[in-house]
Amino acid sequence: MERDIPQTIVEDLPSPRLDPARADFADAVLAGFARKPRSLPCRFFYDARGSALFEEITQLPEYYPTRAETALLETYGGEIAERMGDARVLVEFGSGSSRKTSLLLSTLPRISVYVPIDVAGESLAEAADWLSERHDGLAIRPLVADFTKTRTLPIVARRSRKLGFFSGSTIGNLTHAEAQAFLVNAAYLLGRGASFLVGVDLKKDPAILIPAYNDSGGVTAAFNLNLLERINRELNGDIDLDRFAHDAVYDGIQGRIEMHLVSLASQTVRVLDRAFRFAKGERIHTENSHKYSVEEFQALASAAGWAPAHAWTDADRLFSLHLLRLD
Ligand code: SAH
Ligand code: AVI
């Protein structure tokens with residue numbers, strides 16, 4: 001949850017005391033700007049403005065994943081419900097606006113408890129309100145947390161059989177090693193007898209991938225640059241946004257889109273009273289978005305202890321939905 005510290009406190013004190021969320025952001029930015037090549041973790045995209053920009057991205061003609069995954073949920077919702085067993089608790093990782101969740105819940109009348117986990121506190125609260133108006137009697141217990149570090153669920157969610165949901169191909173924002181560690185932890189959290197529905201973007205022609213991450217309207221550029229605006233807002237930064245540009249490239253060896261911010265000039269920026277020198281052309285790596293074949297993702301899930309039960313894909317082979325089981 002975002003807690004506002006008056007800006008004057010940040011300015012007046014040589015070593016400002018930050019609330020935990022801001023301190024986490026400060027540590028990540030100071031460490032990420034100090035290393036070469038420079039990088040920032042993509043979970044920091046999602047302040048209130050970043051979450052709103054992500055929702056705009058999902059509506060873009062070039063950004064196919066949301067449409068493709070939603071269509072899979074609409075087409076196969078009944079079949080997914082039949083295959084997933086008698087779970088009573090739905091645990092969602094990186095739930096965002098919970099729009100796809102509502103679709104899933106409409107096919108799962110036995111779910112009585114919903115635990116959305118997301119770092120974006122404001123959009124999590126809004127999504128919980130939106131969902132509670134549409135699903136009568138559903139107990140919603142949001143967790144503002146990093147889903148890679150979540151070790152316990154609310155008491156009400158602990159004893160019943162669980163269904164996990166990880167949509168949007170957010171798993172692709174983790175490296176393969178991180179994704180495997182995430183799946184191992186999810187197995188521990190969801191417990192024996194659990195099912196897990198995971199949306200995964202498929203490998204495809206870079207001519208489709210690149211525009212999805214570099215749209216003609218500049219919304220993805222604004223989403224990427226908002227990370228620098230967030231540094232200015234929360235960490236007393238003085239970064240000139242006109243001196244950085246968005247870039248998205250496809251690395252065919254790693255099978256991933258990488259987003260970067262490129263310094264357009266030789267410049268010095270200040271963050272929390274520290275100075276960082278950027279050469280012209282120097283890059284800050286801000287996000288990976290890994291793409292998988294169905295077989296690659298099934299192998300990753302198996303290595304983490306999950307049994308692949310079924311995978312649905314669309315006719316254009318844009319996106320996949322995987323049902324995993326834990327026996
Ligand atoms: N599942 C939704 C939203 C995807 S956007 C959809 O498919 O549309 C990714 C979401 O994951 C954002 O809401 C973001 O705040 C959240 N997120 C990203 N990294 C996270 C992390 N490490 N821990 C918890 N939430 C995270
Ligand atoms: C949330 N995540 C899966 C998105 C993606 O496609 O990697 C985030 C995003 N980055 C740029 N556009 C969308």
Side-chain angles (χ1 to χ4, degrees), residues 1-2 21 24-25 28 40-60 62-70 72-73 91-104 115-128 131 142-150 164-174 178-179 181-182 185-186 197-202 208-215 217-227 230 246-250 256-261 286-292 318-319 321:
M1 182 88 70
E2 283 271 334
D24 183 30
F25 185 38
L40 294 172
C42 65
R43 71 177 184 280
F44 293 109
F45 278 137
Y46 302 94
D47 63 351
R49 169 131 177 88
S51 297
L53 283 166
F54 176 75
E55 288 308 308
E56 260 189 67
I57 288 175
T58 65
Q59 308 295 319
L60 293 170
E62 295 100 327
Y63 194 74
Y64 61 85
T66 307
R67 272 188 305 281
E69 188 178 33
T70 303
L72 285 175
L73 286 168
V91 178
E92 183 168 7
F93 302 90
S95 46
S97 66
S98 290
R99 295 306 189 261
K100 292 169 191 162
T101 325
S102 183
L103 206 52
L104 187 64
V115 182
I117 306 174
D118 205 295
V119 276
E122 285 173 40
S123 51
L124 189 57
E126 267 175 40
L131 207 66
L143 280 186
V144 182
D146 181 337
F147 54 53
T148 63
K149 299 192 179 117
T150 307
F165 186 36
F166 197 15
S167 67
S169 201
T170 304
I171 197 156
N173 298 136
L174 305 176
E178 289 165 348
F182 166 84
N185 188 54
L197 188 63
V198 187
V200 183
D201 198 10
L202 291 171
I208 299 174
L209 283 170
I210 298 276
Y213 292 84
N214 202 352
D215 61 282
V219 183
T220 312
F223 176 70
N224 200 4
L225 284 158
N226 177 58
L227 206 44
R230 184 174 181 186
H246 163 70
D247 192 26
V249 291
Y250 184 66
R256 70 189 191 196
I257 286 279
E258 291 185 10
M259 294 211 310
H260 296 259
L261 290 162
T286 53
E287 187 183 60
N288 291 316
S289 199
H290 293 84
K291 312 301 169 187
Y292 290 88
L318 291 174
F319 205 86
L321 263 182

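Atoms within each ligand, like the ligands themselves, are counted from 1 in listed order. Since the model is a prediction, treat every value here as computed from it, not as a measurement.
Nearest to atom 15 (O) of ligand 1 among the protein's heavy atoms is Asp118 OD1, 2.5 Å. Considering only non-hydrogen protein atoms, atom 25 (N) of ligand 1 sits nearest to Val119 N, 3.2 Å. For atom 23 (N) of ligand 1, the nearest protein heavy atom (residue, atom name, distance) is Phe147 N, 2.8 Å. Here the protein heavy atom with the shortest distance to atom 8 (O) of ligand 1 is Lys100 NZ, 3.5 Å. Among all non-hydrogen protein atoms, the one lying nearest atom 19 (N) of ligand 1 is Arg43 CB, 3.6 Å. The closest protein non-hydrogen atom to atom 2 (N) of ligand 2 is Asn173 OD1, 2.9 Å. At the top of the distance list for atom 22 (N) of ligand 1, counting protein heavy atoms only, stands Asp146 OD1, 2.9 Å. Nearest protein neighbour of atom 3 (C) of ligand 1, counting heavy atoms only, is Gly94 O, 3.5 Å.
Near Gly168, with a cut-off below 4.0 Å to any heavy atom, the atoms of ligand 1 are 7 (O). Taking every non-hydrogen atom of Thr170 and a distance limit under 4.0 Å, the qualifying atoms of ligand 2 come out as 1 (C), 3 (C). Taking every heavy atom of Tyr46 and a limit of under 4.0 angstrom, the matching atoms of ligand 2 come to 1 (C), 8 (C). The contact set between ligand 1 and Ser167, taken as ligand atoms under 4.0 Å from a residue heavy atom, comprises 1 (N), 2 (C), 6 (C), 7 (O).
To the nearest 0.5 Å, atom OG of residue Ser95 and atom CG of residue Leu124 are 5.0 Å apart. Put simply, CZ on Phe319 and OG on Ser167 are 7.5 Å apart, with the number rounded to the nearest 0.5 Å. Rounded to the nearest 0.5 Å, atoms CZ (Arg256) and CG (Asn173) are 11.5 Å apart. The line from OG of Ser169 to NZ of Lys291 is 5.5 Å long, rounded to the nearest 0.5 Å. Of the inter-residue distances, the one linking Leu72 atom CG with Leu321 atom CG reads 5.0 Å to the nearest 0.5 angstrom. Of the inter-residue distances, the one linking His290 atom NE2 with Asp201 atom CG reads 12.5 Å to the nearest 0.5 angstrom.
Here atom 10 (N) of ligand 2 lies nearest to Glu287 when heavy atoms of His290, Glu287, Arg43 are compared. By heavy-atom distance, the residue among Tyr63, Tyr64, Phe223 lying nearest atom 4 (C) of ligand 2 is Tyr63.
Look at Gly168 and you'll find a heavy atom under 4.0 Å from some atom of ligand 2. In this structure, Ala145 is part of the shell of residues with a heavy atom less than 4.0 angstrom from ligand 1. Look at Ser169 and you'll find a heavy atom under 4.0 Å from some atom of ligand 2. Distances from ligand 1 to the non-hydrogen atoms of Thr170 include at least one value under 4.0 Å.
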Exercise. Show your reasoning for whether side-chain contact (heavy atoms from CB on, under 4.5 Å) applies to Met259 and Leu227.
Key: CA-CA 12 Å; Met259 294 211 310; Leu227 206 44; over 6 Å; no

Exercise. Check the pair Leu103 / Arg99 against side-chain contact (heavy atoms from CB on, under 4.5 Å), numbers first and verdict last.
Key: CA-CA 7 Å; Leu103 206 52; Arg99 295 306 189 261; over 6 Å; no

Exercise. Could you walk me through whether Ile117 and Val91 pass side-chain contact (heavy atoms from CB on, under 4.5 Å), step by step?
Key: CA-CA 8 Å; Ile117 306 174; Val91 178; 3.9 Å; yes

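Considering both main-chain and side-chain atoms, Thr148 never comes within under 3.5 Å of ligand 1 through any nitrogen or oxygen pair. At least one N/O-N/O distance between Tyr213 and ligand 2 falls below 3.5 Å. Residue-to-ligand polar distances place Ser289 within reach of ligand 2: an N/O pair is separated by less than 3.5 Å. Among the atoms of Phe54, none of the N or O lies under 3.5 angstrom from an N or O of ligand 1.
Within the cation-pi definition used here (under 6.0 Å to the ring centroid, within 45° of the axis), Arg230 does not qualify as a partner of Phe44.
Using a 4.5 Å cut-off on side-chain heavy atoms (C-beta onward), Leu40 and Leu261 make no contact.
Note on ring orientation: taking the six-membered ring where Trp is involved, the planes of Phe182 and Phe147 are perpendicular (angle over 60°, cut-offs 30° and 60°). Between Phe54 and Tyr46, the ring planes are perpendicular. Angles over 60° get that label, and only those under 30° would be called parallel.
Contacts between Ser123 and ligand 1 below 4.0 angstrom, taking non-hydrogen atoms only, are absent altogether.
Partner His246 forms a side-chain hydrogen bond (donor to acceptor under 3.5 Å, both in side chains) with one of Thr286, Asn224, Thr220 and no other, that one being Asn224.
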